[in-house]
Number of protein chains: 2
Amino acid sequence: MDDDVPLILTLDDSGSSASAPLDDLDREELPNENGGSYDVINDASSPAAGDCCAQQSSTRHNWEMNYQEAAIYLQEGENNDKFFTHPKNAKAVAAYLFAHNHLFYLMELSTALLLLLLSLCEAPAVPMLRLGIFVHATLELFALIVVVFELSMKMRWLGFQTFIRHKRTMVKTCVLFVQFIEAIVVLVRQTSHVRITRALRCIFLVDCRYCGAVRRNLRQIFQSLPPFIDILLLLLFFMVIFAILGFYLFSPNHSDPYFNTLENSLVNLFVLLTTSNFPDVMMPSYARNPWSCVFFIVYLSIELYFIMNLLLAVVFDTFNDIEKRKFKSLLLHKRTAIQHAYRLLITKQRPSGISFKHFEGLLRFYKPRMCARERYLTFKALNQSNTPLVSLKDFYNFYEVVGLKWKAKRNREHWFDDLPRTAFLIFKGINILVKSRVFQYTMYTVVAVNGIWILVETFMLQGGNFFSRNVPWSYIVFLTIYGVELLLKTTGLGPVEYLSSGWNLFDFSVTLFAFLGLMALAFNMEPFYFIVVLRPLQLLRLFKLKKRYRNVLDTMFELFPRMASLGLTLLIFYYCFAIVGMEFFAGVVYPNCCNTSTVADSYRWVNHTVGNKTVVEEGYYYLNNFDNILNSFVTLFELTVVNDWYIIMEGVTSQTTHWSRLYFMIFYIVTMVVMTIIVAFILDAFVFRMNYTRKNQDSEEDNGIVLEKEISREEVVGIIELYRRNSAATETTQLQKIVLQMDKYGQTSTLFLGRRSRTKSDLSMKMYEEEIQEWYEEHSRKEESQSPLQEPASASNSSLKPLSLRQRSQTVI
Amino acid sequence: MDDDVPLILTLDDSGSSASAPLDDLDREELPNENGGSYDVINDASSPAAGDCCAQQSSTRHNWEMNYQEAAIYLQEGENNDKFFTHPKNAKAVAAYLFAHNHLFYLMELSTALLLLLLSLCEAPAVPMLRLGIFVHATLELFALIVVVFELSMKMRWLGFQTFIRHKRTMVKTCVLFVQFIEAIVVLVRQTSHVRITRALRCIFLVDCRYCGAVRRNLRQIFQSLPPFIDILLLLLFFMVIFAILGFYLFSPNHSDPYFNTLENSLVNLFVLLTTSNFPDVMMPSYARNPWSCVFFIVYLSIELYFIMNLLLAVVFDTFNDIEKRKFKSLLLHKRTAIQHAYRLLITKQRPSGISFKHFEGLLRFYKPRMCARERYLTFKALNQSNTPLVSLKDFYNFYEVVGLKWKAKRNREHWFDDLPRTAFLIFKGINILVKSRVFQYTMYTVVAVNGIWILVETFMLQGGNFFSRNVPWSYIVFLTIYGVELLLKTTGLGPVEYLSSGWNLFDFSVTLFAFLGLMALAFNMEPFYFIVVLRPLQLLRLFKLKKRYRNVLDTMFELFPRMASLGLTLLIFYYCFAIVGMEFFAGVVYPNCCNTSTVADSYRWVNHTVGNKTVVEEGYYYLNNFDNILNSFVTLFELTVVNDWYIIMEGVTSQTTHWSRLYFMIFYIVTMVVMTIIVAFILDAFVFRMNYTRKNQDSEEDNGIVLEKEISREEVVGIIELYRRNSAATETTQLQKIVLQMDKYGQTSTLFLGRRSRTKSDLSMKMYEEEIQEWYEEHSRKEESQSPLQEPASASNSSLKPLSLRQRSQTVI
């Protein structure tokens with residue numbers, strides 16, 4: 001088996017072997033480092049003559065190269081990296097490997113975060129975190145240098161040409177350059193100038209490997225923009241028409257401050273679109289002529305109730321379409337990656353499939369942490385036929401199978417099956433009890449009673465001193481009940497099974513918190529009193545009762561990662577606007593600042609004495625300022641919620657110029673875009689899931705993908721033998737354990753269960769089942785027509801594009 | 001042909017013959033009026049012996065009955081009336097016919113409107129429309145008596161048993177009863193008591209035949225309620241949890257009025273859900289501790305941004321599903337109706353189809369206005385085979401074909417083809433000009449320039465006296481250009497073709513209005529000055545330029561009827577709430593009414609003198625009251641828009657009890673339901689249309705359903721002959737005209753075009769194409785299994801349920 005010759009040979013590399021645990025052969029450093037680093041290895045077609053041993057070691061070395069590259073292809077497929085960024089030579093592979101591990105990613109992320117967090121300390125800084133200019137500028141320079149280092153690694157991996165072609169990286173480079181210069185200028189001048197470009201720091205975060213979801217969101221937002229802008233124009237157009245109309249109709253009324261000029265008319269109708277000033281803007285004209293309400297009703301009906309919904313509809317529609325296309329392209333990309341990897345793993349001798357030896361080699365690079373047992377199980381799971389080879393058709397399922405977590409199927413049903421008889425009976429009883437409906441409904445009743453209790457208790461408190469030192473007895477009673485329940489469940493089901501359910505985990509943590517709260521109360525730990533307050537969360541358990549809620553909450557949990565990434569996207573927009581806002585509006589708003597404007601009341605802060613008492617009239621709006629980045633974020637959130645945002649806008653405007661309104665209006669439109677996308681996303685995800693449930697009503701109860709595989713004793717022994725021959729006996733300890741286990745119970749085979757949670761991709765696969773086949777066919781047709789290079793000889797893989805480094809390099813050079 | 005014997009005989013009726021124009025036979029009044037009015041006509045299976053003439057006239061009479069009943073079936077199918085309301089005997093048919101014509105419908109509608117409008121005049125009335133109690137109570141009694149009459153007609157048609165079973169009618173009867181008693185009480189006491197039941201008057205409107213769309217909307221709303229309520233509970237649950245949390249966290253802060261009691265905490269979080277009090281509710285706690293904003297951000301993120309969107313998603317999903325099921329059931333209902341009608345129209349002799357004679361008889365009852373030519377064309381259009389009979393399969397297309405408007409295909413291309421040479425050339429030139437792109441884009445440019453002109457002009461005016469007596473010259477110039485364009489287009493395309501496009505119609509009316517405005521300016525007619533103001537609407541024409549706008553605006557026009565019915569539904573809810581509001585809150589709010597409440601400022605009306613000037617401080621909110629039904633509607637609209645609705649709520653609450661809040665909160669939830677449905681509807685309709693467009697990208701340009709049929713001269717002559725034999729020669733004038741026309745041009749046949757606009761049903765037909773076949777099969781399977789009565793003898797109609805009046809009556813009795 002060792003003298004297998006790969007069908008396609010990849011480059012000889014020196015870097016990759018460093019991370020190959022089995023590569024115990026001596027390495028030859030290649031002397032020529034730049035350009036033509038392609039080592040001329042004897043091609044597969046060359047006669048297998050000469051020194052047998054040297055041949056063998058060379059072949060082996062080649063195989064390591066091939067495994068490495070196949071693993072890289074598969075990673076690219078998974079991460080949706082385009083293949084034009086595939087490393088082109090040995091040095092590039094080294095750089096690629098350097099730049100593709102979690103340490104590097106973490107460095108990327110922390111540098112980006114450091115840069116972003118710097119705005120906490122730069123003037124205008126959060127008071128507690130203020131740093132000297134020298135300190136924060138030095139920190140910034142340091143972070144920027146790290147980014148330079150990252151970029152240089154990337155350049156090394158991509159090569160200069162590809163580096164230039166990669167748009168995102170180029171933008172990053174430019175921003176880096178600007179930031180660098182500005183940081184040096186700040187250091188030299190020892191004072192901060194107007195640095196709006198700080199808003200661009202976000203790009204460092206967006207470019208992080210870990211922020212892939214954010215990048216996808218941004219792309220989706222930009223793709224949804226054209227139709228959005230179209231409808232937005234329609235909206236603005238009607239706004240202008242109504243502004244002119246309103247100006248003509250209402251400006252003769254001198255008590256109406258909203259329509260006295262065309263500009264006011266426009267601004268107020270813009271604000272009216274957000275309904276923020278609604279009855280007020282109508283009132284002066286309504287007081288004069290009741291029929292003037294028709295103008296406002298028509299305006300709101302058209303703009304708010306029709307066009308705004310149309311906006312959502314258009315975005316939703318586009319979103320839907322984009323989601324599907326994205327899924328399609330990702331699927332095809334993965335397929336192509338698998339094809340590339342497959343070509344690198346088959347041998348000249350047996351071109352119809354991948355043997356376990358090579359598959360194992362691939363996994364060594366692709367998932368170094370995987371143990372020998374899991375590798376073999378993955379291979380078995382992929383292998384649908386009974387031959388020892390995995391065909392291309394089977395190999396296509398690689399991504400679905402490789403994520404499975406394998407476990408030997410338990411022979412015992414409960415954790416206590418091995419205990420002595422008496423204990424077993426006790427635990428069995430508990431098990432039956434906690435699984436009974438009576439127990440469950442009793443607990444629901446307790447929770448409900450607890451809920452009502454808390455409500456009534458809180459209602460009775462009415463402003464008394466409710467953080468008294470003595471713990472209320474009801475609290476202790478309910479907590480005891482929950483504690484007993486937790487104990488029963490843990491013992492009855494076993495800790496592992498108990499905690500494997502999300503709901504139980506939730507119960508557990510809430511009960512734990514409640515217990516901590518009790519502790520806090522008992523020991524008078526004031527700062528922890530808020531934990532007490534979390535008690536009502538117990539009530540959430542009641543929602544397990546109804547199926548729809550379970551559905552909704554499950555969907556909620558499924559959506560959570562995506563929602564979080566959307567939230568992060570929103571935060572990135574916030575950051576940009578916060579920086580711009582701080583640069584222009586910091587310190588602009590203060591108590592009693594706007595006494596000449598129409599919103600004076602909201603900014604008033606008067607401290608006058610009536611009789612003996614000091615009465616403080618507070619408008620509080622001066623708190624909504626841009627004085628530091630945290631304040632800015634809160635202010636921007638208020639602007640997002642939209643209500644009364646015009647007070648903030650008018651306040652700032654009255655202290656600056658009326659061009660400031662542009663900032664607020666643009667922010668409104670941007671958040672409108674993002675929010676519409678969020679709504680469209682929730683709609684889409686929910687409707688998708690609902691449709692999915694409707695389509696698969698029978699198989700509804702399953703929670704994840706489960707696969708079963710049986711391994712016989714002989715197979716395990718064979719694998720151990722194989723590893724031993726490869727002098728990698730250290731990896732077989734687990735396998736040997738299995739053999740021992742089997743011998744102990746006298747089994748000839750063990751059943752393993754592979755399990756993973758269901759992803760959106762799995763759902764989509766099922767939803768688009770019919771279309772997917774069409775896509776595949778279309779895709780392979782396109783490929784065939786695109787690659788006239790294909791040799792008709794390799795008939796078994798006729799749908800494969802024979803793209804390997806070697807071949808490509810031959811066509812390039 | 002006259003001695004055709006119907007396969008199934010319907011009852012002999014006396015009433016229906018009154019409206020049958022061809023029924024010149026003597027009628028026999030049936031002596032027994034109640035119950036067993038089924039006349040024993042010799043069954044189709046009885047031997048056709050006896051007096052030939054009597055037999056014939058009897059057969060003919062039978063045929064008229066059958067036509068009548070078939071037409072009723074088809075109407076029921078179209079209107080989605082359930083078949084259990086099908087008239088069961090001759091008297092019922094008479095009552096059915098009486099209650100099913102536009103005069104009766106109009107009476108229904110006007111009575112309902114009268115009852116609704118009465119609330120304008122009843123105390124608290126609109127000042128100008130106040131009527132004495134005696135007057136409006138008498139009017140009400142009169143209207144109610146008309147309703148009684150309507151109901152009695154319905155009872156006569158339905159029969160007592162069915163009447164009782166028909167829920168909507170029963171509810172109406174009960175409401176009628178209550179209203180009647182109350183109206184009499186008012187008349188007797190000569191004073192109005194608290195009449196909340198007036199809110200139920202809506203049911204009279206909802207029950208009108210013309211308000212079918214409103215009924216459907218209401219049904220859809222009620223069907224969407226269960227999932228909606230589930231999510232609403234989730235929303236309220238989180239609200240309660242956060243209210244308790246908020247109370248614990250913020251009530252120690254004595255300067256925070258929003259969380260000092262649990263009730264306040266709840267109410268303010270409810271208001272916060274609508275964002276109406278947003279930054280304000282946060283400000284006191286935010287001023288004390290900046291981190292308290294986390295509470296509000298988390299609350300809004302969960303409630304507003306997540307659960308509210310989930311609500312939309314759930315409703316949208318349900319809506320989608322309901323729409324599809326509705327379409328399916330309507331489709332199957334129509335199909336069943338067609339089957340019923342078909343069974344009544346085929347003859348014993350030829351059971352494989354309907355001959356033209358019988359089809360014509362059906363149409364005489366189904367569409368009395370249709371002329372003989374159209375009837376024949378409809379028949380031809382239905383008849384897909386070349387036999388003289390319409391088979392059941394063909395007859396299934398009845399509803400699609402019967403709505404077509406038929407026109408002889410013009411031989412001439414333009415309206416001026418028949419004019420003399422010179423005129424022809426001139427008009428041809430104009431035609432080419434107005435159809436040219438240059439002309440179109442010139443006009444767009446003119447419109448754009450006009451738009452900018454208006455904008456600049458308005459901007460320059462800045463509060464001057466813009467309704468000056470002299471007409472601005474720019475206005476005249478642009479109007480002249482538009483006038484010339486209109487003239488050119490009308491002459492170039494011909495008035496008919498010009499006005500057949502909706503966009504041209506729009507241009508025309510806007511130009512006309514502008515011209516009227518000019519007149520108004522020229523003759524100093526002040527009240528019409530608003531027409532001038534409509535000028536900017538011209539700019540809407542610019543939206544023809546882009547395809548997406550055309551799509552959106554077309555969709556808008558298609559949605560309009562449905563939107564209008566949804567608006568009407570909303571108005572009905574408004575009416576109910578307005579009545580309740582008026583009964584409880586009329587006269588409660590007035591200037592300076594709420595000086596003790598937190599919203600005192602908004603209701604303040606102070607008239608004080610500063611120096612020499614009188615300064616009026618107006619809060620205006622006292623105008624948002626429930627003093628009469630018009631004011632109530634405006635107030636409710638303001639509540640719908642939601643912004644600052646708590647000011648209205650708190651104002652009213654401070655003058656009444658705090659239970660009043662319930663009214664406002666329930667109103668918010670109800671409008672939320674309706675609004676969510678409206679959004680879901682717009683989303684659904686738009687996405688549906690987009691998918692449709694995507695699916696049929698090639699046939700995108702067509703505007704409606706078009707069918708072509710050719711009729712030869714012989715056919716026409718044959719038809720004329722047929723009518724003549726039936727002594728209905730008066731109906732053939734149009735046919736004779738066609739013959740003359742053909743003779744004149746020497747044609748042997750004429751081509752006719754049938755045209756109608758595309759309905760949602762057509763789109764759905766195409767969208768669900770694949771599923772529809774399944775539905776049909778499932779439906780016919782179900783029917784077969786349900787009707788063991790079916791005789792296997794009638795093999796040709798094996799999928800038919802042999803449900804005729806006769807058979808049903810036999811199985812019932």
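Just so it is clear, the model here is predicted, and its values are computed rather than measured. Residue numbers begin at 1 in each chain, while the letters A, B, ... track the order of the sequences.
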Please lay out, stage by stage, how B:L233 and A:Y549 fare under the test side chain to side chain contact (heavy atoms under 4.5 Å, CB included).
CA-CA 10 Å; B:L233 284 179; A:Y549 292 125; 3.4 Å; yes
Checking side chain to side chain contact (heavy atoms under 4.5 Å, CB included) for the pair B:Y305/A:V679: CA distance, chi angles, key distance, verdict?
CA-CA 8 Å; B:Y305 294 120; A:V679 175; over 6 Å; no
Set out, in order, the CA-CA distance, both residues' side-chain angles and the distance that settles side chain to side chain contact (heavy atoms under 4.5 Å, CB included) for A:N643 and B:N643, then state yes or no.
CA-CA 7 Å; A:N643 192 66; B:N643 192 64; 2.4 Å; yes
Going through the checks in order, is the side chain to side chain contact (heavy atoms under 4.5 Å, CB included) test met by B:V642 and A:T275?
CA-CA 8 Å; B:V642 159; A:T275 74; over 6 Å; no
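In this structure, chain A has heavy atoms under 4.5 Å from both the backbone and the side chain of B:T640. Neither the backbone nor the side chain of A:M308 comes within less than 4.5 Å of any heavy atom of chain B.
The distance from atom SG of A:C293 to atom CG of B:N631, rounded to the nearest 0.5 Å, is 9.0 Å. In this structure, the separation between CZ on B:F316 and CZ on A:F686 is 12.5 Å, given to the nearest 0.5 Å. Atom-to-atom distance recorded for B:L312:CG and A:L683:CG is 4.5 Å, nearest 0.5 angstrom. Rounded to the nearest 0.5 Å, atoms OH (B:Y620) and CG (A:D280) are 10.5 Å apart. To the nearest 0.5 Å, atom CZ of residue A:F278 and atom CH2 of residue B:W645 are 15.5 Å apart. In this structure, the separation between CG on A:L311 and CD1 on B:I682 is 11.5 Å, given to the nearest 0.5 Å.
Minimum interatomic distance between A:V687 and B:A313 (heavy atoms only, all atoms of both residues): CG2-O, 4.4 Å. Of all heavy-atom pairs between A:N624 and B:P279, the closest is ND2-CB, 4.4 Å.
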